[in-house]
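To start, the structure itself, in structure tokens.
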Amino acid sequence: MAFNDEYFMKMALAEATQALEKDEVPVGCVVVSQNRIIAKAHNLTETLNDVTAHAEMQAITSAADFIGGKYLHNCTLYVTLEPCVMCAGALNWSQISKVVIGARDEQRGFINKNLYLHPKTEIVLGILENECSQIVKEFFRSKR
């Protein structure tokens with residue numbers, strides 16, 4: 001089995017599906033170190049009644065706990081939807097090495113806000129973009 005960006009994004013999509021099943025905005029992510037998932041999470045803002053319980057925030061905390069330190073050097077975060085400004089700030093402070101984004105979030109994502117992650121963080125866009133975009137679009141369509 002090939003451990004590549006598509007493989008790990010599929011794992012993030014599985015997390016997004018779990019969020020969907022809980023009637024949460026279906027965003028999921030995994031944190032990978034040395035081709036091993038060390039954290040996985042999905043949105044829990046409704047479940048926890050906490051506006052900061054985004055998938056990325058949950059995954060950063062879990063990964064830092066696993067590593068035993070606050071910096072996520074040599075780690076990659078795979079996330080189905082472009083992080084918001086809050087999550088981008090947390091990713092910046094974590095000094096994560098790489099962020100792989102499935103679908104862009106033109107309205108709430110950090111990229112159009114002219115914000116940047118840590119200078120050493122590599123950003124990859126558009127991995128399984130259609131699948132990642134579709135699950136969010138269908139969720140909001142069902143709410144209207």
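Note that this is a predicted model, so its numbers are computed, not measured. All values below come from the heavy atoms of this structure, side chains included, with hydrogens, waters and symmetry mates left out.
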Side-chain heavy atoms under 4.5 angstrom apart, residues restricted to Ile, Leu, Val, Met, Phe, Trp, Tyr: same cluster for [X] and [Y]?
{"X": "Val51", "Y": "Leu48", "value": "no"}
{"X": "Leu117", "Y": "Met57", "value": "no"}
{"X": "Met86", "Y": "Leu81", "value": "no"}

### Message
What verdict does the side-chain hydrogen bond (donor to acceptor under 3.5 Å, both in side chains) test give for Glu24 and Thr47, after you've listed the backbone C-alpha separation in whole Å, the side-chain angles of each residue and the deciding distance to 0.1 Å?
### Response
CA-CA 8 Å; Glu24 298 273 1; Thr47 303; 2.7 Å; yes

With the side chain counted from C-beta on, respond yes when [X] and [Y] share a heavy-atom pair under 4.5 Å apart, and no when they do not.
{"X": "Cys75", "Y": "Ser97", "result": "no"}
{"X": "Thr45", "Y": "Val25", "result": "no"}
{"X": "Phe8", "Y": "Thr76", "result": "no"}
{"X": "Ile101", "Y": "Phe110", "result": "yes"}

### Task
In sequence, state the C-alpha distance, the side-chain angles, and the governing distance for Asp23 and Lys143, and then conclude on salt bridge (charged side-chain N to carboxylate O under 4.0 Å, His left out).
CA-CA 10 Å; Asp23 204 29; Lys143 296 292 179 189; 2.6 Å; yes

So, [X] and [Y]: side-chain donor and acceptor under 3.5 Å apart, yes or no?
{"X": "Thr52", "Y": "Asp50", "result": "yes"}
{"X": "His73", "Y": "Lys120", "result": "no"}
{"X": "Asn74", "Y": "Gln34", "result": "no"}
{"X": "Gln95", "Y": "Thr121", "result": "no"}

Can you check whether [Y]'s main-chain N or O pairs, donor with acceptor, with [X]'s side chain at less than 3.5 Å?
{"X": "Thr80", "Y": "Gly102", "result": "no"}
{"X": "Thr61", "Y": "Gln58", "result": "no"}
{"X": "Lys22", "Y": "His42", "result": "no"}
{"X": "Asn43", "Y": "Ala55", "result": "yes"}

### Query
Where does the angle between the aromatic ring planes of Phe3 and Tyr7 fall among parallel (under 30°), tilted (30 to 60°) and perpendicular (over 60°)?
perpendicular

### Stepwise salt bridge (charged side-chain N to carboxylate O under 4.0 Å, His left out) test for Asp5 and Lys10
CA-CA 9 Å; Asp5 287 347; Lys10 285 179 184 174; over 6 Å; no

### Task
Identify the residue among Cys29, Pro83, Cys87 that makes a side-chain contact (heavy atoms from CB on, under 4.5 Å) with His54.
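Exactly one option meets the side-chain contact (heavy atoms from CB on, under 4.5 Å) with His54, and it is Cys87.
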
### Message
For Asn4, I'd like to know if atom CG has over 12 heavy atoms of other residues, nucleotides or ligands within 6.0 Å.
### Response
yes

### Query
Out of Glu82, Gln107, Arg104, which one pairs with Asn112 under the side chain to side chain donor-acceptor pair (under 3.5 Å) rule?
Arg104

